[in-house]
2 protein chains.
Amino acid sequence: MGFAETFKALADPVRRDILTMLRDRRMSAGEIGSHFDMTGATVSYHLNILKKAGLLFEEKEKNYIFYSLNTSIVEEVMVWLADLRGNTETGASEGGNCDEKNKG
Amino acid sequence: MGFAETFKALADPVRRDILTMLRDRRMSAGEIGSHFDMTGATVSYHLNILKKAGLLFEEKEKNYIFYSLNTSIVEEVMVWLADLRGNTETGASEGGNCDEKNKG
DNA sequence: TAGGTATTTAGAAATTTTTCTAAATACCTA
DNA sequence: TAGGTATTTAGAAAAATTTCTAAATACCTA
């Protein structure tokens, strides 16, 4: 999947707003779009980028397509950031490149 | 400061590589640049974007400028993502908009 | 001061992203 | 089937990003 796509998806304010809107419940493409001052086509473009990044699930029902948040991808990003930051609390290392092995 | 700048900074693979390189030690602009197949000017452009996003500290010494990671901004991003994900373990809510208050 | 190394700034070209309008697809209802 | 609603796709225009070369700045050494 790749972090490139995921971070790029998160880099746009419209797309972050969409994700926030989906925090507690799924919403249809139209309902999502009604919160923005842009065409449905543009909203669809943003939804597609989020979907390709793995950040959204979609369910088709009747005439609608409902989107919801894929929190597992959110967690993957958090893990990447946690590794970047380094392990501040425990002192344990989790696969980053601390110099422990080169010490002696 | 704003998440827009921070997430945009994180969205580029070159810039994520730079941050990863700075995980355990500071490096000069030149040393950072030597890891990439691009001009110093381009590296400087990327460093500037990371700096404006608050992700880097810089220290001038002699002829050099040393860059290091600002982990507090990394943590801010993690907090934003944790809020987006929702509190999976504790069940407590931390300022998101769960519907608790509208229940009765 | 003169010359050298490290880094940034300026300006332009190439690429990517964002947005729109118009048209297409899909599915539902009568 | 005909007509309607919801959403996406296509193509083009506008804006932003990334990269380069060339020049500027800054500071160090002799």
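Each chain gets a letter, A, B and so on, in the order its sequence line appears, and its residues count up from 1. Computed over heavy atoms, backbone and side chain alike; hydrogens, waters and symmetry mates excluded. These numbers were taken from a predicted model, which means no experiment stands behind them.
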Practice item. If a protein heavy atom is under 4.0 Å from the base, mark B; if only from the sugar-phosphate, S; if neither, -; do that for nucleotides 6-22 of chain D going 5' to 3'. Key: SSBB-------SBBBBB
Review point. Are the charged groups of B:Lys51 and B:Glu5 less than 4.0 angstrom apart, N to O?
Key: no
**Study point:** Interatomic distance where CG belongs to A:Leu50 and C1' belongs to C:dT18 [whole Å]
**Key:** 14 Å
Revision key, fill the gap. Rounded to whole Å, NZ of A:Lys52 lies from C1' of C:dT18 at a distance of 13 Å
Revision key, fill the gap. Listing for DNA chain C: consecutive Watson-Crick or G-U pair runs of at least 3, distance cutoff 3.5 Å, ranges ordered by first number, gives C:1-30 with D:1-30
Exercise for review: List in chain and number order the residues that pass salt bridge (charged side-chain N to carboxylate O under 4.0 Å, His left out) with A:Arg25, two or more places apart in sequence or in another chain; answer none if no residue qualifies.
Suggested key: A:Glu31
Review item, side-chain donor-acceptor pairs of residues 9-16 of chain A, under 3.5 Å, at least two apart:
| from | atom 1 | to | atom 2 | distance (Å) |
| --- | --- | --- | --- | --- |
| A:Asp12 | OD1 | A:Val14 | N | 2.8 |
| A:Asp12 | OD1 | A:Arg15 | N | 3.3 |
| A:Arg15 | NE | A:Ala9 | O | 2.9 |
| A:Arg15 | NH1 | A:His46 | ND1 | 3.2 |
| A:Arg15 | NH2 | A:Lys8 | O | 3.0 |
| A:Arg16 | NH1 | A:Leu10 | O | 2.8 |
| A:Arg16 | NH1 | A:Ala11 | O | 3.2 |

Exercise for review: Without swapping roles, check the side chain of B:Thr39 against the backbone of B:Thr42 for a donor-acceptor pair under 3.5 Å.
Suggested key: yes
Study note, to complete from the structure: Test side-chain contact (heavy atoms from CB on, under 4.5 Å), reference A:Leu55, set A:Asn70, A:Leu22, A:Val74, output is A:Val74
Exercise for review: Check which hydrophobic residues are tied to A:Ile49 through side-chain heavy-atom contacts below 4.5 Å, counting indirect links as well, and list them.
Suggested key: A:Tyr45
Check your understanding: Can you name the residues that form a side chain to side chain contact (heavy atoms under 4.5 Å, CB included) with A:Ile65, not counting sequence neighbours?
Key -> A:Glu58, A:Lys60, A:Tyr67
Exercise for review: Using the six-membered ring wherever Trp is involved, compare the ring planes of B:Phe7 and B:Trp80 and label them parallel, tilted or perpendicular (cut-offs 30° and 60°).
Suggested key: perpendicular
